[in-house]
Amino acid sequence: MEVLLFGSIAEKAGASILRVEAGSMEQLRTELLMRIPELKEMRYAIAVDKQVVHADRELKGTEEIAVLPPFAGG
Amino acid sequence: MEVLLFGSIAEKAGASILRVEAGSMEQLRTELLMRIPELKEMRYAIAVDKQVVHADRELKGTEEIAVLPPFAGG
Amino acid sequence: MSNTGSHKTREIFVEGPIGPAFIAESIAKHSTRTDIGGHEIFLGQVRADATDIGSIGAIEYTAYRDMANEQMIVIREEAFARWPITCLHVYHSLGTIQAGELCFFVFASAPHRREARESVAFVTDEVKKRLPIFGKEILSEGGHQWKRNS
Amino acid sequence: MSNTGSHKTREIFVEGPIGPAFIAESIAKHSTRTDIGGHEIFLGQVRADATDIGSIGAIEYTAYRDMANEQMIVIREEAFARWPITCLHVYHSLGTIQAGELCFFVFASAPHRREARESVAFVTDEVKKRLPIFGKEILSEGGHQWKRNS
């Protein structure tokens, strides 16, 4: 699945899109920490189909995933 | 002394300035009611030198007096 | 009465409606103040209310101008004492303002939005309460009645 | 998601700073709505804050655009459900906005000032909290840091 990265997270990853294989939110989080170790020290949220998701849940692989650093609008 | 009239009160009086003789607020009020009988049914305030005054007090005759209907700014 | 730039006596009245271009100019003037983080603006617009005796087509504003400008100084001082605002501008129309036109413009700027927001709310309310401004509501069908703030 | 004129999906993002002329045009468009009595506007301006590592010269805004526009629909619906407002317009800049320039514009209109005021306060706060917008603070002396809303 494609994972969209934004702001400081895209900067750390050196990319704005990652390809990741993950069947659940848990797996996705683990995978992301391996690919972007700096995430451990960062605050971020994960959006699934444009909704922030905190709990674990299955992922089909067709979802739109995004990793979001703290919001800073306004 | 000259008394400035505004809005609905100027309309009732048919004038925007009245000449009135009064040595106190009490006398001024009595005089105004004689000159503009409709005041009895109206809400209004009297300003002395641009400050609304409710209590009785002496008037020297050099003050700037104004009779003010309800405020309607904005 | 203080003598600082922010608190000095100003004429708040303008003849006729307040135009959007005037508002844009006021906003643009603040781009050099890079300590400002938020602007809050209130605009009063004449409403074509239906009343018992007809619908309002326009309001003809008059004021006890000297007293209103003096009262405005007091309200300004209160606002600057209560909130760390950078600027405060207030304008009110005199003369005939048609329904749909703007008659009142309150504009505060501050480092942070809360101060700008709260001071505009305060100033808007106090101007309506404390400034001797009078409004003759001109009915579209002819005749008039006198506006009063509740 | 409702389909009425007031609630439909809109693009809130504009490239570059929000100009005073754009604000004036938005205001002017409301003169035909003679049921409006008050407009409330919040404008966010980029502040040249001094930070530990230098002073902010500009903010470069990016966003997760589709999610932000969807979140904005939800906030709009909440505002229209809570207050009897006539219109609500929200714009946010993308790209580099210099200190002193405007990056955020919230504009509500209503028959009475209280509704306009409260809905602008609500929408301003919720946009800052709920929209995935990111700000890279470009320091005048070189380098950058990432803005975060507190």
Side-chain angles (χ1 to χ4, degrees), chain C residues 17-50 55-59 86 97-114 116-118 120-122 124-125 128 140 149-150, chain D residues 17-50 55-59 86 97-114 116-118 120-122 124-125 128 140 149-150:
Chain C
I18 292 162
F22 178 81
I23 296 163
E25 279 165 40
S26 296
I27 294 167
K29 279 180 192 156
H30 292 77
S31 63
T32 53
R33 292 295 307 259
T34 57
D35 54 339
I36 292 174
H39 307 283
E40 186 92 16
I41 292 171
F42 175 77
L43 300 170
Q45 179 166 309
V46 173
R47 220 171 42 232
D49 276 357
S55 72
I56 294 169
I59 297 179
T86 311
I97 314 303
Q98 302 296 325
E101 291 182 328
L102 303 171
C103 59
F104 186 27
F105 175 24
V106 180
F107 179 12
S109 309
H112 299 280
R113 69 189 185 285
R114 195 184 60 81
R117 177 192 290 173
E118 290 180 3
V120 164
F122 170 78
T124 301
D125 291 353
K128 285 176 177 252
S140 302
N149 290 342
S150 45
Chain D
I18 293 161
F22 178 80
I23 297 163
E25 279 166 39
S26 297
I27 295 167
K29 280 180 191 157
H30 292 78
S31 63
T32 53
R33 291 293 307 260
T34 56
D35 53 339
I36 292 174
H39 306 282
E40 186 92 16
I41 292 172
F42 175 77
L43 300 170
Q45 179 166 308
V46 173
R47 221 172 39 234
D49 277 356
S55 72
I56 295 170
I59 297 180
T86 311
I97 314 302
Q98 303 296 325
E101 290 182 329
L102 302 171
C103 60
F104 185 29
F105 175 24
V106 181
F107 179 12
S109 309
H112 300 279
R113 68 190 185 283
R114 194 184 60 81
R117 175 190 295 173
E118 291 180 5
V120 164
F122 169 79
T124 301
D125 292 352
K128 285 175 177 252
S140 302
N149 290 342
S150 43

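Just so we're on the same page: letters track the sequence lines, and every chain starts at 1.
- At a heavy-atom cut-off of under 4.5 Å, chain C is reached by L102(D) from residues 101-108 of chain D, listed in order of number.
- Inspection of non-hydrogen atoms places S31(C), R33(C), T34(C), D35(C), I36(C), G37(C), G38(C), H39(C), E40(C), I41(C) of residues 31-41 of chain C under 4.5 Å from chain D.
- Taking chain C as the reference chain and counting heavy-atom pairs below 4.5 Å, the highest number among A48(D), P20(D), S26(D) is found for P20(D).
- Residue K128(C) touches chain D through its side chain alone, counting heavy-atom pairs closer than 4.5 Å.
- Comparing V120(C), I27(C), I56(C) by heavy-atom pairs within less than 4.5 Å of chain D, the highest count is held by I27(C).
- Of the listed residues (R114(D), R117(D), Q45(D), Q98(D)), the greatest number of heavy-atom pairs within a distance under 4.5 Å of chain C belongs to Q45(D).
- The candidate with the highest count of non-hydrogen atom pairs below 4.5 Å against chain D, out of G44(C), G19(C), A121(C), is A121(C).
- Taking every heavy atom of both residues into account, I97(C) and P17(C) meet most closely at CD1-N, 3.4 Å.
- The backbone N or O of S55(C) sits less than 3.5 Å from a side-chain atom of S140(C), completing a donor-acceptor pair.
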